[in-house]
Each structure stands twice: as C-alpha cells, then as structure tokens.
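Structure, as structure tokens:
Note that the structure is a prediction, hence the values are computed from the model and not measured. Note: hydrogens, waters and symmetry copies are ignored here, and every other heavy atom, side chains too, is used.
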Amino acid sequence: MQRFATRIRTAIASATGIDAAELRLERPRDASLGDFAFPCFVLAKQLKAAPPAIAADLADKLNAELGSDPSDRIEAIATGPYLNFKVDGARLAEAVLFGATTAGADYGRTDEGGGKNIVIDMSSPNIAKPMHVGHLRSTILGAALYRMHELLGYRPVSINHIGDWGSQFGKLVAAIDRWGGEYDIQADPIPALLALYVRFHDEAEAEPALEEEARAAFRELESGVDGQVRATWRQLTELSLAEFNKTYERLGVEFDLVRGEAWYEDKLQSTLERIEATGVTEESDGARIVDLTSIRKKMAPCLLKKTDGTTLYATRDMAALFSRWDEFAFERCLYVVGSDQKLHFEQLKGVLKRMQLDWEPRVEHVAFGMMRLPGGKLSTRAGKVVFLSDVLDRAVEEAAAVIADKNPDLAASDHGAEIAEQVGVGAIVFNDLKRERIKDVVFQWDEVLSFEGETGPYVQYSHARLCSILRKAEASGEAPGQSGAAPDWSAVDDARGLILTLGRYPDTIRTAAADAEPSHLTQYLLGLCREVNSWYANSRVLGEAPGTTAARLALVDAARVVVRNGLAMLGVAAPTEM
RNA sequence: GCGCCCAUAGCUCAGCCGGAUAGAGCACCGGAUUUCUAAUCCGGCGGUCCCAGGUUCAAGUCCUGGUGGGCGCGCCA
C-alpha cells in the first residue's frame, strides 16, 4: 500500500521538481475516479498554467514512467484539475490482503517509536469513592493510547495516579472514628465509605467540631506518624484498590505502575527546592506562587504552597512530573484527564516554561469532555452518579437477552455467558471511544445499550460473520491451505474501495496515536465494517470457481484480521461467533 | 467580568491539518431471507455546515467580531 503511494510521489517529484516529502496524496471523492489523487492547483502558480492543463500534461508524462513495468502498472488519469491514479487491481489486492494476513496481529506494527518511553497518566480514581461512568473515559482512552503506541514501537508506561491524599481523607477517618461500627466496611467497602463520606458532610453542617476532627486527622496523616490514622488510611487504600481491580479486569486494563499522590509525599520538598532554585517563585498574599502572566495574559498563577506552609494539588503534580521525567525521560507524557482541568495543566506547563525546561512540549493534556446526566452534572456527594459496575452489568444482561433471542444455541452453550460479557462490555467501551474525546456526552441508557448501527456489537458482529465464512470454508475444503487454487484477483474488483481501506489501517493507527485520538480508529472500524458487510451481501464467497473463492477468502481473512486487531487496540473483545 | 472549549440532517455524530456533488447511524417510509448469522444489506425522506465580515484560485475546515451552550478562574482535588 505504502509502496504505491511512494512510487506515485517520486514520479510526481521527478516530473515537477517538487520535494517528494512535501507531496500529499489524497483520496478521490469518488472511489471510481481512482485510488490516489493529486490536486494540481498548487502547481498553477509555479508553472504559470491552468490546473486542468497541468493535470493533462502530467498524466502523459507520468504514464510513460508509471506504466513502464506492465506487471506493476499505475495509471494516471487527468480529471479536470485533479490527477488521479489507479493502481493495478491484482497488485493492489495481493499486496494489501497478503500483507495483512501474513502480518496477522502485527499488521501495522512498526519500530518508528524506537523504544522511547511514553508515560500515560490515566484512570486515577479516588480512594473510597465508587468508579462512575465518568472514570470510564480516562481509563479506556489511556488504555487504547497505550496499545497503539506499543504497536508503533514505543515503550508505554501506564501510571494510575490514584487520588489517595488530601484533606478528604481526614474527613473519612473522622467519620470512621465516629460511626464506623454502624457500617460493614469489609463486606462491601465502597458503598459504606461513600455513605460515611456523605454523612460527614451532612452532620458537619450542624456540628462544626467534626471539621476540626477531620483537620486533625489529616495533619496526623501528613506528619508521617505511623499511628492509627495511617493504619486506617492504608486499609482504605487497599480495600478500594481491590474493588477497582474488579472493574479493571472486566475492561482488560492493567497498569505498569499504581502510584497514588501519597507516593510523591517524600519528593515534595525537593520539588519545591528545584523550582525555587530557578528563581521563578514569589510571595503573594502569604502564599508561594509562580506568576504565569508572561505565559499568557491574565493567566492565574500556580500555587505551590499555602500560607500555612502545606502543599497543594499542583505541588504534588509537579513532584509527579519531575519524578516521571527523571525516571523515564519520556518522549511524551500524556495526561488523560477531563477538560475541566485544562487550566491546571496549562499552569504546570507554564511553570516548566518559566523554568526553561526544553521538554515542556512533551507534556500533553489529553483532555476529554465531561459526562453529564440528562438532569445535569454528575455529583458523588449529591448521589447523582451512575456506577460503572451497574452500567457494565446492565449491558451484559441486555447482550445475554439479545443472544438468547438471535442465537439460542449459542446462548445455551458453554461460552454463552462469556460472549454476553464480551458484547455487553464491548458495547460500553466502543460507545465511549466513538466520538472525538473533547466532546461532552450526556449519558443515556438507551444509547449505551443500543447494539445496532454504529455500535461496538455491530463491529463485533461483522467480525463474527467473517469468522463464520472462514469456518465454513474450512469445513467444505475450500480454505487456502486446502484447495490450493491460485486467487483470481479479478473476483475482488468490486471490492477496490474496501481493499484500499484495509491498506489504510496502519496509517489510521499512526494518526490516532499522534493525535491521542482513539476515535479515529473507532470511526475507521465503523466505515470498514460498513464496506465489508455491503460487499459480502452482494458477493458470494464459497462455492464459486476455485480462483474466485480463493481471492474472496483472502479478502475475508484480511478484513477479519484488521477488524480483530482494531478492536484489540480499543480493548474490545472480538468473539468469533455471536 | 476574564480565559479556554464546543456548534454540521428532527436526534447522535463523521468530514483524511484548505480541494471534486458535505457523509454515516438513530428515527420515519418502502424493499431484500430456498443464499456464507436480518445485531445485516438496499432504496427514500431529510442541510442558510450558528450568524456577520475577512484571507485564498478554492473555506464546514484558517483569521476577526458576535450569538448560544459547556468548563474554569490563589490557598479544594
């Protein structure tokens, strides 16, 4: 695939004198026009001629060169101001289809990352609070970016920056001291802790002494004393992590490092000194700040130390950032965090800029839009949340019902439950990665539980159908290894667009990773499946002339590989039947 | 008040860092199954690409100014 584009580019380059690297080939609006397109407008000024004339002229010149090898011919066709190129169909099919199937799970793998580190800060739930639908986005966006970078030869490092520090732990400890006995924290920790947290806020309004107890508890925690408070904190952390892990397992997500804010506790002092040493800090209203108005007019300063000398969120994040740079010398450090924290990351980067650290551009805030309910914002304290586990459970239930309806034999078999899990969870994950990450989303049950149209199950179903054809080919003795027939590539002439799409998979991964935008991949998969389904609705694969069947099976197999790989990148299972 | 982000079909969204006639899904209407799984496919309906200027051979895409919505704005995280 790449080969054809390169040949075209070098040919244009030698005919026009333009650097081949600067030439960008497009996709013709209408696939019947050709496989690649080059608009000639850009040459008009230089050659002092009208674009259509240039196109016609270039077509003649290029055909002489690109057509020289009759067995690997590329045809140049001038269409108005455009120069379109049509690759030899058999060559294209062979190169793309065999390329994908022989590479298999490694299709699209490159070493362009050179083993460079990509730090991905993702998920980051808060201890003692439930994971809700809002946490899903960070987790699966981060996981998808992880897999894509890995495929491109980078060495990703995922870090779960658990929210395990801060004044809210004082509140929790105080609440447990008071009413802990009334709740069964061990049995079902998260709801119990949530209830305690909510109760603290309710009762603290009437009883201010509670706030003081909370502050005292947090002071003890911060002091480093290994007493009762710390023991409680440690226990809370362990219980919560065990709960989170259940969800991570269902989502197929793992972390290289689980480092909460507390992990950076002993690095705060050195971090402050490091920043102070560059002379960018100053005193303001008794607090220690870094002024950022030189970065952007009226930008709020970064607060590093409160009046009372204690540290803040930004201080701890700066400590984390330096720690990560020192440890990994990352090529990119991706913060997969909601767009509501945009300013916070601009401030962190602003401090790096003022310190004149040249690696500042490598720190990127991969912001995503807010999840809201039809009634308004999510709020843990107000109880306006949709628990992630409930969403997954309901989706799996729904999937089981659909399978029982559409495929009763499968539902009754050993793996019926397993496939329901894969389809249900897949629907949720795919749905969340479907749109551009920056867009806000309103959580709607009927939308996330939809299995038709542009959904995860649609893609999974397409994959299952392809697998089914391959299974049947095996049974009838028509599979490639069995029949031994040479593919007659003219039998897939009607699938040109589809073949080109398959060839574009590696590039899709590349741009999705570069833009930190997995939706490029979900959209690609939806388009690919639409093309595949449409194609085989009209083209019979099995039982045709051996050469025809061989060629079409090659297409089916390549499509199967690409869909399966793409889903794997997203963390969505690809069942072979459903 | 200030800053950042978003705005494309009734609804939810694509639109390949400026190119050819703006595309899907849902919903609605109609059609396809003795055929490799109908979670599918085919057709129809549906557009002042928020508004006004500007840049350009070319603007949904870039710039400026508005409008509407979201988010944020010094001792919370």
Side-chain angles (χ1 to χ4, degrees), chain A residues 24 26-30 33 37 39-42 44-45 50-51 79-82 84 124 126 163 165-168 261 284-289 296-308 310-314 316-317 338-344 346 367 369-370 372 377 399 402-403 405-407 410 423 427 434-436 438-442 444 446-447 450-455 457-462 464-473 476 504 507-508 511 515 519-520 522-524 526-527 529-530 533-543 552 556 577-578:
Chain A
R24 233 190 71 237
E26 301 177 358
R27 180 179 190 172
R29 173 153 300 284
D30 185 345
L33 291 170
C40 297
F41 305 97
V42 279
K45 214 168 269 177
T79 312
Y82 291 88
N84 294 318
S124 311
N126 291 320
W165 208 247
S167 44
Q168 77 268 25
E261 291 181 70
S284 172
D285 296 334
R288 207 67 192 155
I289 68 160
R296 196 179 67 219
K297 259 188 296 182
K298 296 182 185 170
M299 185 162 161
C302 180
L303 263 76
L304 294 174
K305 230 153 101 178
K306 298 192 229 174
T307 313
D308 67 5
T310 57
T311 62
L312 292 112
Y313 179 46
R316 294 191 278 276
D317 245 7
S339 63
D340 54 343
Q341 296 202 41
K342 186 125 194 290
L343 178 60
H344 168 70
E346 281 172 350
M370 300 287 96
R372 277 176 297 139
K377 270 188 89 164
V402 174
I403 294 169
D405 178 44
K406 312 242 181 211
N407 198 340
L410 181 63
V423 172
K434 194 165 75 180
R435 55 205 124 217
E436 218 184 352
I438 198 64
K439 299 240 163 86
D440 289 350
V441 301
V442 176
Q444 309 263 35
D446 59 347
E447 189 201 312
S450 162
F451 295 169
E452 286 171 22
E454 298 178 326
T455 66
Y458 170 81
V459 178
Q460 290 175 316
Y461 176 76
S462 306
R465 291 286 302 269
L466 296 171
C467 289
S468 173
I469 293 174
L470 292 165
R471 265 197 308 274
K472 295 231 152 87
S476 67
R504 263 182 215 110
D507 216 48
T508 303
T511 50
D515 297 347
S519 69
H520 289 334
T522 48
Q523 293 295 338
Y524 167 87
L526 288 170
C529 288
R530 203 181 309 130
N533 293 341
S534 179
W535 170 74
Y536 75 56
N538 298 310
S539 299
R540 177 96 201 155
V541 176
L542 303 178
R552 291 184 177 165
V556 167
E577 55 181 327
M578 63 186 270

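Here the CG atom belonging to D317(A) is positioned 11.5 Å from the OG1 atom belonging to T311(A), to the nearest 0.5 angstrom. For the atom pair E26(A) CD and N84(A) CG, the distance stands at 10.0 Å (nearest 0.5 Å).
The two atoms that bring D285(A) and T307(A) nearest to each other are O-OG1, 3.9 Å, heavy atoms only. Minimum interatomic distance between S339(A) and A367(A) (heavy atoms only, all atoms of both residues): CA-CB, 3.9 Å. Nearest heavy-atom pair across L312(A) and L304(A) is CD1-C, 3.9 Å. Annotation for R540(A) and R552(A): closest pair O-NH1, 2.7 Å, computed over non-hydrogen atoms. The minimum heavy-atom distance linking N126(A) with G163(A) is given by the pair OD1-CA, 3.4 Å.
Residue contacts shown for A37(A) include a base, since a base heavy atom lies under 4.0 Å away. Across all strands shown, N84(A) has heavy atoms under 4.0 Å from base atoms, whether or not it also approaches the sugar-phosphate. Contact annotation for P28(A): base contact, defined as any heavy-atom pair under 4.0 Å involving a base atom. Counting non-hydrogen atoms under 4.0 angstrom, L470(A) reaches nothing in the nucleic acid.
Put simply, CG on D440(A) is 9 Å from C1' on C5(B), counting in whole angstrom units. Remark: C1' of C11(B) and CZ of R435(A) are 12 Å apart, rounded to the nearest angstrom. What separates NZ of K342(A) from C1' of G72(B) is a distance of 10 Å, to the nearest Å. In this structure, CD of Q444(A) is placed 14 Å from C1' of C13(B), rounded to the nearest angstrom. Distance CD (Q523(A)) to C1' (G15(B)): 10 Å, rounded to an integer number of Å. What separates CD of E26(A) from P of G15(B) is a distance of 16 Å, to the nearest Å. As a whole-Å value, the separation of I438(A) CD1 from A14(B) P is 12 Å. Spacing between atom NZ of K298(A) and atom P of G74(B) amounts to 15 Å, rounded to whole angstrom units.
Listed pair K439(A) / A14(B) meets the phosphate criterion, a side-chain N or O lying under 4.0 Å from OP1 or OP2. Distances shown here put a side-chain N or O of N533(A) below 4.0 Å from the OP1 or OP2 atom of C41(B).
Closest-nucleotide positions on RNA chain B for P51(A) and L343(A) were compared, and the one nearer the 5' end corresponds to P51(A).
Rounded to whole Å, the C1' atom of A27(B) lies 11 Å from the corresponding atom of U12(B). Taking atom P on both U64(B) and G3(B), the two are 12 Å apart, rounded to the nearest angstrom. C16(B) and U33(B): their C1' atoms are spaced 37 Å apart (whole Å). Here, A14(B) and A7(B) have their C1' atoms 15 Å apart, quoted to the whole Å. With both ends at atom C1', the span from C42(B) to C57(B) equals 40 Å, rounded to whole Å. Taking atom P on both C13(B) and G70(B), the two are 15 Å apart, rounded to the nearest angstrom. Of the C1' atoms belonging to U21(B) and A58(B), the separation is 15 Å, rounded to the nearest Å. Remark: the separation of the P atoms in U61(B) and C41(B) is 32 Å, to the nearest Å.
A donor-acceptor pair is defined here as one N or O able to donate and one able to accept, closer than 3.5 Å; no such pair exists between the side chain of R471(A) and the backbone of A473(A). Under the 3.5 Å distance criterion, the side-chain polar atoms of T511(A) are matched with a main-chain donor or acceptor of T508(A). Within the 3.5 Å criterion, the main-chain N or O of A464(A) finds no donor-acceptor partner in the side chain of S468(A).
G74(B) shows a glycosidic angle within 90° of 0 and is accordingly assigned syn.
For the salt bridge (Lys or Arg N to Asp or Glu O under 4.0 Å) test, no residue two or more places apart in sequence or in another chain qualifies with K472(A). The side-chain hydrogen bond (donor to acceptor under 3.5 Å, both in side chains) check on E436(A) picks up K439(A), with sequence neighbours excluded. Not counting sequence neighbours, the partners of R316(A) by the salt bridge (Lys or Arg N to Asp or Glu O under 4.0 Å) test are E261(A).
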Show each protein N/O and nucleotides 75-77 of chain B N/O combination with a separation under 3.5 Å, one pair to a line.
from: C75(B); atom 1: O2; to: T307(A); atom 2: N; distance (Å): 2.6
from: C75(B); atom 1: O2; to: T307(A); atom 2: OG1; distance (Å): 3.0
from: C75(B); atom 1: N3; to: T307(A); atom 2: OG1; distance (Å): 2.6
from: C75(B); atom 1: N4; to: D285(A); atom 2: O; distance (Å): 2.5
from: C76(B); atom 1: OP2; to: K306(A); atom 2: NZ; distance (Å): 3.2
from: A77(B); atom 1: OP1; to: R316(A); atom 2: NH2; distance (Å): 3.0
from: A77(B); atom 1: OP2; to: Y313(A); atom 2: N; distance (Å): 3.4
from: A77(B); atom 1: O3'; to: E261(A); atom 2: OE1; distance (Å): 3.3
from: A77(B); atom 1: O3'; to: E261(A); atom 2: OE2; distance (Å): 2.8

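In RNA chain B, consecutive stretches of 3 or more Watson-Crick or G-U wobble pairs with both distances under 3.5 Å are given as paired ranges: B:1-7 with B:67-73, B:10-13 with B:23-26, B:28-32 with B:40-44, B:50-54 with B:62-66.
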Next item on the list: Treat primed atoms plus P, OP1 and OP2 as sugar-phosphate and everything else as base, then score nucleotides 21-39 of chain B 5' to 3': B for base contact with protein heavy atoms under 4.0 Å, S for sugar-phosphate contact only, - for none.
Entry: ---BS---------SBBSB
